[in-house]
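If you read the sequence from its start, that first residue is 1, and numbering goes on from there.
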Amino acid sequence: MRKFCFMQVRNMNMSELIELHEFHDPRLDVFARLNENQLRHFFEPNGGLFIAESPKVAERALRSGCMPVSALVDRKQAEGEAADVIMRLGRIPIFTGESDQIRKLTNIPMTRGLLVCFMRPKLHSVEGICCGKRRVAVLENVTNPTNVGAIFRSAAALGVEAVLLNSACSDPLYRRASRVSMGTVFQVPWTYLVGGASYVDVLHDLGFRTAAMALTDRSVGIDDPGICAEGRLAIILGAEGDGLSPETIAACDYTVRIPMSNGVDSLNVAAAAAVAFWQLRAR
């Protein structure tokens with residue numbers, strides 16, 4: 001097993017910069033030896049950790065109130081694109097080194113030369129997230145973190161005010177999901193649907209009409225004037241391949257399709273979400 005050590009080189013506005021030499025320091029475990037599931041349950045039952053990649057994502061995490069624990073920064077970026085974020089991290093360990101050293105440590109090609117480890121924020125209730133909202137997205141079994149991140153980015157851009165996920169979905173705070181979202185997972189309120197009751201019933205109880213994005217015999221076009229005119233609407237999207245469960249589709253008020261051309265039967269779920277969010281936005 002590789003071993004590593006560290007030495008402090010200087011302070012930068014209360015932030016400790018540590019030169020990366022070898023790789024044994026336990027504070028580097030979060031970047032080198034713990035997978036995302038282990039990070040998520042690091043302090044269980046009292047919460048966990050997540051990794052934000054790139055200055056933009058880290059900055060949006062900070063702005064949302066997330067608490068940083070440690071950071072790893074490419075030497076060139078420490079006084080470049082990442083400098084402003086580093087100045088805001090406070091007295092936490094910030095490891096720095098050459099890009100090839102960091103690549104050997106993390107086994108990932110870092111985007112924009114910065115990784116920041118944060119404490120996971122406390123999730124709000126579904127009722128709290130949905131209060132006063134007119135458009136929410138619901139994700140069922142969307143397990144690909146790239147798709148989850150892209151859906152959040154579209155939600156932020158196109159007027160969707162909250163995102164609800166079932167427990168099978170990929171975690172929006174996974175490194176890839178938050179990076180693909182460009183940090184919008186820290187701007188769009190989100191939480192998980194829990195409990196034994198049908199989540200469609202929960203949405204109905206909260207005053208939403210529900211639109212299942214699916215291809216069935218009863219599907220109506222996404223430009224249907226009745227759907228577009230709904231005051232409060234939950235747009236429900238399913239996984240690649242399997243789509244939404246028959247039970248979810250049957251429980252919804254609408255089943256909605258996006259018209260296709262040239263023999264294409266469906267879009268990637270992230271692309272479909274962007275189209276749906278734009279067309280079904282609150283007027």
Side-chain angles (χ1 to χ4, degrees), residues 47 50 57 59-67 118-142 147-173 177-178 181-213 220 222-238 244 248-249 251-256 269-270 272-283:
F50 70 92
V57 175
E59 191 276 331
R60 285 181 168 165
L62 284 169
R63 194 190 307 168
S64 74
C66 293
M67 181 181 300
F118 287 93
M119 298 287 295
R120 292 183 69 90
K122 183 178 179 180
L123 290 178
H124 297 286
S125 68
V126 172
E127 293 78 9
I129 287 290
C130 291
C131 182
K133 304 297 192 298
R134 297 182 64 194
R135 292 293 184 269
V136 301
V138 182
L139 308 187
E140 179 180 293
N141 302 341
V142 180
N147 285 334
V148 170
I151 290 169
F152 268 86
R153 189 172 180 181
S154 293
L158 301 173
V160 170
E161 300 161 288
V163 177
L164 307 175
L165 308 95
N166 75 344
S167 60
C169 286
S170 181
D171 183 358
L173 296 186
S178 64
S181 83
M182 297 295 288
T184 55
V185 295
F186 306 108
Q187 295 179 303
V188 179
W190 63 271
T191 196
Y192 286 102
L193 295 151
V194 295
S198 162
Y199 71 76
V200 178
D201 291 340
V202 172
L203 292 166
H204 286 153
D205 290 342
L206 292 172
F208 288 95
R209 299 279 278 175
T210 51
M213 301 298 299
V220 298
I222 197 170
D223 57 351
D224 181 273
I227 306 173
C228 295
E230 291 288 357
R232 304 185 77 202
L233 186 68
I235 303 164
I236 305 177
L237 300 123
L244 293 171
T248 295
I249 295 170
C252 285
D253 300 295
Y254 302 97
T255 307
V256 184
V269 65
V275 174
F277 296 166
W278 168 254
Q279 179 62 38
L280 301 176
R281 67 195 185 281
R283 267 56 173 190

Quick one: are Tyr192 and Ile129 in side-chain contact, heavy atoms under 4.5 Å?
no
Within this structure, what is the OG-CZ distance for the pair Ser178 and Arg153, rounded to the nearest 0.5 Å?
13.0 Å
Would you check if Thr210 and Val138 make a side-chain contact, meaning some heavy-atom pair closer than 4.5 Å?
no
If I take atom CZ from residue Arg281 and atom CD1 from residue Ile235, how far apart are they, to the nearest 0.5 angstrom?
11.0 Å
Heavy atoms, side chains only, cut-off 4.5 Å: are Leu139 and Ser170 in contact?
no
From Thr255 OG1 over to Met213 CE, what is the distance, rounded to the nearest 0.5 angstrom?
10.0 Å
Donor-acceptor pair, side chain of Trp190 and main chain of Val185, under 3.5 angstrom:
yes
Point-to-point distance, once rounded to the nearest 0.5 Å, from CZ of Arg232 to SG of Cys130:
7.0 Å
Side chains of Cys252 and Ile236: does their closest heavy-atom pair fall under 4.5 Å?
yes
Check: Phe186 and Leu62 side chains under 4.5 Å, non-hydrogen atoms
no
Arg135 side-chain N/O to Gly231 backbone N/O, donor-acceptor pair under 3.5 Å
yes
Is a donor on one side and an acceptor on the other found under 3.5 Å between the side chain of Asn166 and the backbone of Asn141?
yes
Just so I know, are the side chains of Val269 and Ile151 near enough to count as touching, which here means a heavy-atom distance under 4.5 Å?
yes
For Tyr199, the option from Leu164, Val126, Thr248 that meets side-chain contact (heavy atoms from CB on, under 4.5 Å):
Thr248
Going from CG on Leu158 to CD on Gln279, what distance comes out if it is rounded to the nearest 0.5 angstrom?
11.5 Å
On a heavy-atom basis, which atom in Leu244 and which in Ala212 lie closest, and how many Å separate them?
CD1-CB, 3.6 Å
Got a donor-acceptor contact below 3.5 angstrom from the Thr191 side chain to the Ser125 backbone?
no
Heavy atoms only: give me the nearest Gly226-Tyr254 pair and the separation to one decimal.
O-OH, 3.7 Å
Rounded to the nearest 0.5 Å, how far does CG of Leu206 lie from NZ of Lys133?
11.5 Å
Compare all side-chain heavy atoms of Ile227 with those of Leu280 and state whether any distance is below 4.5 angstrom.
yes
Sidechain-backbone polar pair: Arg60 side chain, Met182 backbone, donor-acceptor under 3.5 Å
yes
Evaluate the criterion side-chain contact (heavy atoms from CB on, under 4.5 Å) for residue pair Phe277 and Leu237; output intermediate values, then yes/no.
CA-CA 11 Å; Phe277 296 166; Leu237 300 123; 4.1 Å; yes
Any idea which heavy atoms bring Leu173 and Phe50 closest together, and the distance?
O-CB, 3.7 Å
Considering all heavy atoms, the nearest Ala251-Val200 contact:
O-CG1, 3.5 Å
Sort out for me which residue in Asp253, Val136, Leu233 forms a side-chain contact (heavy atoms from CB on, under 4.5 Å) with Phe208.
Val136
Heavy-atom closest contact (Ala177 atom, Pro172 atom, distance)
CB-O, 3.6 Å
Of all heavy-atom pairs between Val57 and Gly183, which one has the smallest distance, and what is that distance?
CG2-N, 3.7 Å
